[in-house]
Every structure is written in structure tokens, then in C-alpha cells.
Amino acid sequence: MFRRPWSGTVSGMIEVQELTKRYGDKLAVDGLSFTVTPGHVTGFLGANGSGKSTTMRVVLGLDAPTAGGALVNGRRYARSPQPMHEVGALLDANAVHGGRTAWHHLRCLALSNGIGKARVTEVLEQVGLAGVAGKRVKGFSLGMKQRLGIAAALLGDPGVLLFDEPVNGLDTEGIRWIRGLMRSLAAQGRTVLVSSHLMSEMALTADRVVVIGRGRLIVETPMTDLMARFRRDVVVRSADDVRLAAALRADGARVAVEDGGLAVGDMAAVAIGELALRQGIAVHELTPRTASLEDAYLELTEDSVEYRAVAS
Ligand SMILES: Nc1ncnc2c1ncn2[C@@H]1O[C@H](COP(=O)(O)OP(=O)(O)OP(=O)(O)O)[C@@H](O)[C@H]1O
């Protein structure tokens, strides 16, 4: 059941509360709750069709929830008195009038929100489009449209930012740029929620993750905890692997011989190092191995993948 009262408290927080969204027979989001806090980049991960865009649309008041809902700064965003100053969003980079120039597009948005020309120039420079400000958007690549969408999101200097798949269409330099931008926005104390299907990218960008599958929450956790949960083993090389292996096994660790070293499970690196010291064995290497975010994600979402690629 939906909990009341809506308890929006901390400034800059996005609170998704028991959100359900149906489109006819299709259950797009199913009782989803999570919070996004300021000062972090929160990665919003899920397979295609898992409900990420729908959730973001409800947060932005563009879709009405079937049940539950979402709060930004403690209230429904649609009720915001200063929407562009409160939340900036990039949802669909192609949803721009192609006949307008980049400058004109941003100037129109700025005018209707009481924002001056200087700010338009500033955001065009910030996203690297100052040189093409006078060009029509219909000639823009997807990457340039993404940058324009990000400029629009930044226009009102909002404390909360939502980006839906922002690296789509960007080249390597563009991806690196956006990674830096998100991290700096979070470092300024802003709230940054970014959806992506690029797990490796999220591993570099996000410090918290919300993983969903079939519209339901799978896990909401700091990135470091997620990686720790999927810690595999520790690679150990020493002056006497045979004696060390015996001592480790006697202490309850799992030990496999691998590539001229040992792969040790069920024991932390610190404990392995201390045990080796007690045994008087010099340690040459002690490397914890963690599953990649990609592996962790696949394991977490195994039962909830909506559309799996079928090998032909
Ligand atoms: N307007 C709509 N009408 C009907 N079904 C919809 C509508 N919008 C979304 N859906 C369905 O709801 C489910 C969730 O879609 P959503 O776009 O939120 O997922 P997503 O995680 O953002 O996926 P993707 O990564 O592919 O964008 C999908 O099955 C989708 O087909």
C-alpha cells in the first residue's frame, strides 16, 4: 500500500515512492521506491524496457503515475514554482525543432523561464557548441543534439539533474567530457540521476547505483558496496606458495593454484597478508579481484531481463 504522508525532506532529493505505472495491460513500473541524494552521481541501470524512462517521466510530471509517485525537493515537480531552476533534464535529444538554430532554441527556453541572454551564451560554451550556435539543429549529429539537450538542462542552473542515456551518439572525447561534467555537477552538491545501459561507463561515472528490472527495484547501493558484494577472490603470489596454500586451507580459505600463483576465496586480502606474515612467508602480490560491473549487473538481473538477444 502507498505510504502517507509523502515525506519529502532533504533539499535536492528525488524520492520515488511505491511508483506504479501501467500503459493499458503493460505494467511498465511496478511498486518502485528509491531515493537519489545530492552530491552524488547516481546511475540508473536496467535492461531495455525495464522502466527507466517511464520513471524519469513521472519524476518530471510528464506522465501521471497509476499509483504512488515521485517527489523532488519534497513536492511533486509539476507544482514547482520555478521548474527550470529546480530541475534540468535531458530525455530525448531528438525532441528539438530542427528549423531553429541552437542559439534560438535555448533563447526561447530562456525567455519563457525568465533567464537572460548571457546564460544562453554561457551554457553553449559549457557544452562546446559556441562555435555552431548560429547553425540549424537539423544539421546536427546525435552527439551535438545531446550536447544541446544538456545545455538546455543546465540553463536554469538547477540543483537536480536527470539525464536519460546522455552518452548516446557521443564519441570517446564526448563521453569523457560528459563523465567529467556529471562528476563536477555532483561535486558542486547537485543531485545527478543518469540512466544508461553502458555498465562499464557507469562504473567510471556513478558513485551510487539504482538497478531495476521489469519495473521493480533490484538493488539500490553505493557502487563500492556493489563491487564488494561481487568480490570474487584474491590473487596471491609468495615466496612459498605451497606452504602458504596449506596454511590458508587450514584457516578455512578456498585455494586454487592458478598461473604460478594462488586464487584465494573466502578470506579478505588483509587476513591473507597477516596469515602469511605469521608464517614468515614473503608476499609478492596480493590483488583482490572483483567481478566487473557488467558481470554484477548480469547476475543481478538474470531473472528479470525483458528482452534478451537471441543468437541466430
Ligand atoms: N507510452 C507508452 N505506451 C505503451 N507502453 C509504453 C509506453 N511507454 C513505455 N511503454 C512500455 O513500458 C515499458 C518500460 O518502458 P521504458 O521506456 O520506461 O523503459 P526503459 O528502461 O527506459 O527502456 P530503454 O532503455 O529501452 O529506453 C516498456 O515495455 C515499454 O514498451
Side-chain angles (χ1 to χ4, degrees), residues 10 33-47 172 175-176 179-180 182-184 186-189 191-194 196-213 216-305:
V10 180
S33 299
F34 64 89
T35 54
V36 186
T37 47
H40 303 283
V41 177
T42 300
F44 193 22
L45 303 177
T172 314
I175 291 173
R176 198 169 297 160
R179 190 186 299 151
M182 301 216 172
R183 299 212 60 84
S184 72
Q188 290 160 6
T191 306
V192 183
L193 179 65
V194 50
S196 181
H197 63 278
L198 296 174
M199 305 307 145
S200 47
E201 182 49 37
M202 279 296 101
L204 295 172
T205 312
D207 35 33
R208 295 186 71 248
V209 280
V210 172
V211 182
I212 65 168
R216 293 196 200 139
L217 183 72
I218 294 177
V219 69
E220 176 184 7
T221 179
M223 182 68 86
T224 45
D225 290 6
L226 183 69
M227 297 326 265
R229 183 168 152 190
F230 286 89
R231 186 158 294 146
R232 294 272 185 253
D233 55 14
V234 182
V235 175
V236 187
R237 287 176 220 284
S238 74
D240 189 345
D241 282 350
V242 175
R243 200 155 63 81
L244 183 57
L248 286 165
R249 286 196 183 103
D251 225 32
R254 273 185 299 115
V255 184
V257 177
E258 186 187 284
D259 279 345
L262 305 173
V264 182
D266 299 335
M267 193 179 282
V270 171
I272 297 168
E274 284 174 358
L275 187 145
L277 180 66
R278 286 199 300 277
Q279 297 290 322
I281 302 169
V283 171
H284 301 157
E285 184 187 343
L286 201 57
T287 312
R289 269 195 304 210
T290 305
S292 67
L293 180 59
E294 204 93 26
D295 293 338
Y297 171 81
L298 285 175
E299 237 172 85
L300 283 168
T301 57
E302 216 159 39
D303 298 328
S304 60
V305 174

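Note: hydrogens, waters and symmetry copies are ignored here, and every other heavy atom, side chains too, is used. Small disclaimer: the values here were computed from a predicted structure and weren't measured.
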Please name the pair of heavy atoms, one in D233 and one in A263, separated by the smallest distance, quoted to 0.1 Å.
-> OD2-CB, 3.8 Å
Give the intermediate values and the outcome of side chain to side chain contact (heavy atoms under 4.5 Å, CB included) for residues V192 and R183.
-> CA-CA 9 Å; V192 183; R183 299 212 60 84; over 6 Å; no
So, the side chain of R208 versus the backbone of E220: is there a donor-acceptor pair under 3.5 Å, distance only?
-> no
May I ask you to decide if V235's main-chain N or O and R289's side chain share a donor-acceptor pair within less than 3.5 Å?
-> no
Smallest heavy-atom separation, A206 atom then G43 atom, equals CB-N, 3.6 Å
Rounded to the nearest 0.5 Å, how far does CG of L226 lie from OG1 of T221?
-> 6.0 Å
Quick one: pull up OG1 in T42 and CZ in F34 and give me the separation to the nearest 0.5 Å.
-> 8.5 Å
Run the numbers on L286 and V236 for side chain to side chain contact (heavy atoms under 4.5 Å, CB included), then give the verdict.
-> CA-CA 5 Å; L286 201 57; V236 187; 3.8 Å; yes
Chi angles and distances behind the side chain to side chain contact (heavy atoms under 4.5 Å, CB included) call for R237, T287 = CA-CA 9 Å; R237 287 176 220 284; T287 312; over 6 Å; no
Closest contact, heavy atoms only, A239 versus I281 = N-CG2, 4.1 Å
Rounding to 0.5 Å, atoms CG (L204) and CE (M223) come to a distance of 8.5 Å
Shortest non-hydrogen contact between T191 and P38, atoms and distance = OG1-CA, 3.2 Å
Could you pull out the closest heavy-atom pair between S196 and L45, with the gap in Å?
-> O-CD2, 3.4 Å
Given L275 and L248, is the side chain to side chain contact (heavy atoms under 4.5 Å, CB included) satisfied, shown in steps?
-> CA-CA 8 Å; L275 187 145; L248 286 165; 4.2 Å; yes
Which atoms form the tightest heavy-atom contact between G252 and D266, and what is the distance?
-> O-CB, 4.3 Å
Report yes if the side chains of M202 and V41 come closer than 4.5 Å at any heavy-atom pair, otherwise no.
-> no
